[in-house]
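What follows is a short report on a single structure.
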Protein chains: 2
Amino acid sequence: MAAEKESSAGRLKTSIEAEILSGRLLPGERLDEQVLAARFVVSRTPVREALMQLSSAGLVQIRPRQGAFVARLSIRQIVAMAEFLTELESLAAEYAARRMTPEERRQLRQIWDESAACVASLEVERYAECNRCFHEAIYAGSRNEYLAQQLITIRARIRLYQRYPFQQPGEIANSFAEHGRIVEAIHEGMADQVRAQMRAHLLRGSHFFADMVATLPDALDTDGTDAA
Amino acid sequence: MAAEKESSAGRLKTSIEAEILSGRLLPGERLDEQVLAARFVVSRTPVREALMQLSSAGLVQIRPRQGAFVARLSIRQIVAMAEFLTELESLAAEYAARRMTPEERRQLRQIWDESAACVASLEVERYAECNRCFHEAIYAGSRNEYLAQQLITIRARIRLYQRYPFQQPGEIANSFAEHGRIVEAIHEGMADQVRAQMRAHLLRGSHFFADMVATLPDALDTDGTDAA
DNA sequence: ATACAAATTATTGTATACCATTTAGTCATT
DNA sequence: AATGACTAAATGGTATACAATAATTTGTAT
């Protein structure tokens with residue numbers, strides 16, 4: 001958790017990742033090594049290192065002898081990831097219901113309580129943050145490092161294609177209410193029910209996701225390999 | 001699919017990965033940059049690149065100022081991966097039951113038919129190969145690239161710690177019978193039942209796995225971070 | 001004018017070099 | 001004998017130079 005001294009490559013990775021995840025760098029965009037090196041006032045070496053790491057994370061696609069591009073997912077791939085994410089979240093919720101300590105269950109309820117403040121005031125950004133905390137608390141409670149890590153990675157990647165999750169009217173209230181039922185069921189350790197609830201929660205959310213995918217610009221509607 | 005000319009770093013990555021996954025390089029073993037550079041007749045740069053990529057993939061652990069080592073998983077991590085694998089296999093089986101084409105269902109049955117030959121003759125190696133084909137056919141049938149890729153990756157990693165899966169007496173016969181029931185249920189598209197059967201199939205198999213873990217040499221019984 | 005071929009340009013991939021930091025090993029001192 | 005300091009070696013990080021290749025542009029011929 002401690003920040004310590006970070007290497008140039010580390011800073012680069014963080015910065016570029018942030019620009020991709022925030023949408024400032026769009027899928028398919030070229031990531032020129034020299035341009036990045038100049039921008040961050042370093043040599044190409046740490047730039048290449050950062051790009052390689054982002055490539056491993058799936059955020060950047062490196063085509064041999066052609067350079068690095070912000071990863072571009074096909075509709076098919078996005079749907080596959082969303083489907084996968086739904087099942088993994090449900091699984092984590094089930095494990096959490098079975099494995100969380102009383103203290104962790106209290107903390108989860110507290111996170112939910114705190115998110116209540118954003119519901120009435122319609123603070124979209126802040127609720128999105130609360131939402132992330134809520135889900136990540138469940139990841140940790142699943143007591144399966146590997147599962148938790150996968151979830152964080154997939155969430156980060158898919159977020160790119162799901163930019164305004166809580167802007168639909170009533171969406172914050174819906175999410176909040178569903179979270180409340182999940183908190184309750186986790187508190188009582190009803191594992192199977194928690195799993196079903198989490199799946200329903202995400203499936204309902206992905207309707208908005210599907211709507212958004214359906215209105216994507218044509219530029220993103222490729223299989224991701226033959227980008228111009 | 002085409003191999004083409006591969007970069008030095010790419011060749012290194014592939015070679016080292018193969019040596020790790022095949023067990024020629026054992027968990028905990030040191031990967032000296034200079035030695036590798038000399039062996040493959042390249043400079044340190046591509047070696048470092050390959051090691052970093054393998055580190056991202058989890059096959060290699062880089063300890064600051066001490067170099068790279070073949071990743072060593074703790075019991076906790078192995079159990080987490082096995083648990084995760086079980087759920088993913090079950091999920092893939094459910095999807096396969098819902099999504100496989102008639103042709104794919106026929107092929108799956110054929111794979112199973114061919115594996116019958118190894119049951120009576122107790123050909124352990126060949127049955128292991130049939131087993132892999134069987135499971136990979138289901139991965140493909142799940143029609144979820146991401147899920148399929150995850151499964152292949154996890155299987156490859158966990159295989160290192162599960163070296164003799166079909167040597168227990170009667171284990172081949174058990175596995176074959178369970179596969180038969182799964183083939184049947186997939187053929188009839190009974191998705192929920194297939195999922196439950198696959199889970200049971202793997203959980204029973206993991207008893208042997210747990211037995212093996214319990215008898216691991218002490219050298220592997222660490223949390224993977226403080227290895228001597 | 002267009003299409004195809006050749007040369008140039010630009011960029012990736014690799015090699016080499018440098019410095020700082022740290023670990024491990026050796027030697028000396030108590 | 002044990003502990004401490006000093007030295008040597010190797011990693012981590014970065015920079016720069018060179019080689020190989022892909023993209024682009026230019027030129028020529030039909």
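Letters A, B, ... mirror the listed sequences (proteins, then strands); counts begin at 1. Keep in mind it's a predicted model, so treat the numbers as computed, not measured.
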Among residues 29-38 of chain B, which residues get a heavy atom nearer than 4.0 Å to DNA chain D?
-> B:Arg30, B:Asp32, B:Glu33, B:Gln34

Pick base, sugar-phosphate or nothing for B:Leu12, based on heavy-atom distances below 4.0 Å to the nucleic acid.
-> nothing

From CA spacing to verdict: side chain to side chain donor-acceptor pair (under 3.5 Å), B:Glu89, B:Tyr139 = CA-CA 8 Å; B:Glu89 291 263 6; B:Tyr139 304 165; 2.4 Å; yes

According to the interplanar angle, ranging from 0 to 90°, do the rings of A:Phe84 and B:Phe84 count as parallel (below 30°), tilted (30 to 60°) or perpendicular (above 60°)?
-> perpendicular

Option from A:Arg195, A:Arg143, A:Arg99 for which salt bridge (charged side-chain N to carboxylate O under 4.0 Å, His left out) with A:Glu94 holds | A:Arg195

Relative to the ring of B:Phe134, is the ring of B:His179 parallel (under 30°), tilted (30 to 60°) or perpendicular (over 60°)?
-> parallel

Which residue pairs satisfy the ring-ring contact (aromatic ring centres under 6.0 Å, His included) criterion with at least one member in residues 24-69 of chain A, sequence neighbours excluded?
-> none

Would you say the side chain of A:Arg65 and the base of C:dT12 hold a donor-acceptor pair, judged only by whether the two atoms sit under 3.5 Å apart?
-> yes

Shorter than 3.5 Å, N or O on both sides, protein versus nucleotides 14-17 of chain D: list them out with atom names.
| unit_1 | atom_1 | unit_2 | atom_2 | d |
| --- | --- | --- | --- | --- |
| D:dT14 | OP1 | A:Ser8 | N | 2.6 |
| D:dT14 | OP1 | A:Ser8 | OG | 2.6 |
| D:dA15 | OP2 | A:Ser43 | N | 2.4 |
| D:dA15 | OP2 | A:Ser43 | OG | 2.8 |
| D:dA15 | N7 | A:Thr45 | OG1 | 2.9 |

Under 4.0 Å: is that the gap between some side-chain N or O of A:Gln66 and OP1 or OP2 of D:dA23?
-> yes

Could you state the interatomic distance from CZ (B:Arg155) to CG (B:Leu21), rounded to the nearest 0.5 Å?
-> 14.0 Å

Could you check how far NZ of B:Lys13 sits from C1' of C:dG13, rounded to whole Å?
-> 16 Å

How many angstroms lie between atom OH of B:Tyr95 and atom CD1 of B:Ile186, to the nearest 0.5 angstrom?
-> 14.5 Å

Whole-Å distance, B:Ile62 CD1 to C:dT22 P, equals 17 Å

Are there more than 12 heavy atoms of other residues, nucleotides or ligands under 6.0 Å from atom CD of B:Glu103?
-> yes

